[in-house]
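Quick notes on the structure that follows.
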There are 2 protein chains.
Amino acid sequence: MVRVGLTPQRLARAGAELADEVGFDQVTVSALARRFGVKVASLYSHVRSSHDLKTRIALFALEELADRVADAVAGRAGKDALAAFAAAYRDYAREHPGRYDAARFRLDPETAAAGAGVRHSQMTRAILRAYDIGEPDQTHAVRMLGGVFHGFISLERAGGFAHTPVDTQESWAWMVDSLDVLLRNRTTHPPSDEAPPAPGRPATSG
Amino acid sequence: MVRVGLTPQRLARAGAELADEVGFDQVTVSALARRFGVKVASLYSHVRSSHDLKTRIALFALEELADRVADAVAGRAGKDALAAFAAAYRDYAREHPGRYDAARFRLDPETAAAGAGVRHSQMTRAILRAYDIGEPDQTHAVRMLGGVFHGFISLERAGGFAHTPVDTQESWAWMVDSLDVLLRNRTTHPPSDEAPPAPGRPATSG
DNA sequence: TCCGTCTACCTAAAAGATTTAGGCAAATCG
DNA sequence: CGATTTGCCTAAATCTTTTAGGTAGACGGA
């Protein structure tokens, strides 16, 4: 009876690796026990349930992703930061598809609030600092950026773009460009020498 | 032995209702059999597997959603159509959360291609017609719109916006406004009397 | 109306996942 | 070195998935 040294943290990390290999929805307590060479019941000393295990994997992935994004945007600002921010998300999804799915696991609100979700929105706000967007527009922009990157990646991975010959990377770059322009046009105090608001800017917000 | 009259179609529809009630990931062949008052094995005469059942529910939801969107945008153009298009997606997700999740079920490429996914991208292209955007920008825009609406809805439902007091509906309206401006600035042949391209438009695409 | 065929639903059963209860041995700490 | 804690165990109940094969009701043809 050799002790393997299971902990909730190790289970979450191993679960993340398993998710990358076989898909997040194929991650089960049984499969994880097999991977550690222990009996299924042993894992229930460390996680409360299958749902608890998935939650831990999700939190692990969110944390890891936040670290990556933080690294990517460090020392950058403006469009440069926006592009690095976007690339960090997309690269993570490509390198770790299972973990990315895990990061999208539906968490109950208080669990989500306690996790790295807050870091993600703070980093998004940091990106927006260069664009000088006041509230409540800043919050709107945070939500849009979160949505647009996640949504694009999600649809891309679901094969939703496969039927058209246009390169996905080009679409991504086009989108980042467009968002940069959009955000510059939402600036609360536009600089006089560059990027004044577009004439078409609606008057509904701000 | 009363015959209930099971068909793959009825199972898909009932599965969709079940998904709305208990969540798409709680939809199982067993649960659906209970709902019909028949034995589990009976359902396997109509669907090949649990995965097959979920695929059918997904296709059903995609079709229904496409119908709704088509209805919503009929007779509209420009920003009016864009807003109606966006609202149709969001309303569907609010009214039928389980079906909306089903519509995001990962389908293998050929199944997706045979389903209503094509209608969705065609309708998106129809929205863009008013903005007069040429290829490949049109494809980029289709992908961005698909991504942004899906992503926003997905994050909203995951509770990702709950920690900020700003009204989600306002953010949604702000986003639709912004996208309208963005698309007008991407016009290939700008009209002379309104909405010229923003000065900040990058030269990378087109 | 009776018969043959089809098929919708059945019973039975195997295999795997989830979860709980209780036990033994290894690690740890005085 | 002994007591306690803890990590992994066996055992067992419940549930889901899936297959194999059976029965009875529906339906068309004579």
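So that the names make sense, note that chain A is the first sequence line, chain B the second, and so on, each numbered from 1. Note: hydrogens, waters and symmetry copies are ignored here, and every other heavy atom, side chains too, is used.
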So which of residues 11-23 of chain B are in contact with DNA chain D, with a heavy-atom cut-off of under 4.0 Å? none
Given C/dT7, is OP1 or OP2 found less than 4.0 Å from the side-chain N or O atoms of B/His46? no
Would you say B/Ser42 places a side-chain N or O within less than 4.0 Å of OP1 or OP2 belonging to C/dC10? yes
What is the distance, to the nearest angstrom, from the [atom1] atom on [X] to the [atom2] atom on [N]?
{"X": "A/Gln26", "N": "C/dA17", "atom1": "CD", "atom2": "C1'", "result": "12 Å"}
{"X": "B/Arg10", "N": "C/dA8", "atom1": "CZ", "atom2": "P", "result": "12 Å"}
{"X": "B/Lys39", "N": "D/dT23", "atom1": "NZ", "atom2": "C1'", "result": "16 Å"}
{"X": "B/Leu43", "N": "C/dT7", "atom1": "CG", "atom2": "P", "result": "18 Å"}
{"X": "A/Leu6", "N": "C/dA26", "atom1": "CG", "atom2": "P", "result": "17 Å"}
{"X": "B/Phe36", "N": "C/dA8", "atom1": "CZ", "atom2": "P", "result": "14 Å"}

Is [X] salt-bridged to [Y], going by a charged N under 4.0 Å from an acidic O?
{"X": "B/Arg68", "Y": "B/Asp91", "result": "no"}
{"X": "A/Glu21", "Y": "A/Arg35", "result": "yes"}
{"X": "A/Glu170", "Y": "B/Arg143", "result": "no"}
{"X": "A/Arg125", "Y": "A/Glu135", "result": "yes"}
{"X": "A/Glu63", "Y": "A/Arg119", "result": "yes"}
{"X": "A/Asp132", "Y": "A/Arg184", "result": "no"}
{"X": "A/Lys79", "Y": "A/Asp177", "result": "yes"}

Is the centre of the B/His96 ring less than 6.0 Å from the centre of the B/Tyr100 ring? no
Listed pairs, N/O of protein and of nucleotides 16-18 of chain D, under 3.5 Å:
from: D/dT16; atom 1: OP1; to: B/Arg34; atom 2: NH2; distance (Å): 3.2
from: D/dT16; atom 1: OP2; to: B/Arg34; atom 2: NH1; distance (Å): 3.2
from: D/dT17; atom 1: OP1; to: B/Ser50; atom 2: OG; distance (Å): 3.3
from: D/dT17; atom 1: OP2; to: B/Val29; atom 2: N; distance (Å): 3.0
from: D/dT17; atom 1: OP2; to: B/Ser30; atom 2: N; distance (Å): 3.2
from: D/dT17; atom 1: OP2; to: B/Ser30; atom 2: OG; distance (Å): 3.4
from: D/dT18; atom 1: OP2; to: B/Tyr44; atom 2: OH; distance (Å): 3.0
from: D/dT18; atom 1: OP2; to: B/Ser50; atom 2: N; distance (Å): 2.6

Suppose we screen for ring pair (Phe, Tyr, Trp, His ring centres under 6.0 Å). Which residues come up paired with A/His120, at least two apart in sequence or across chains? A/Tyr89
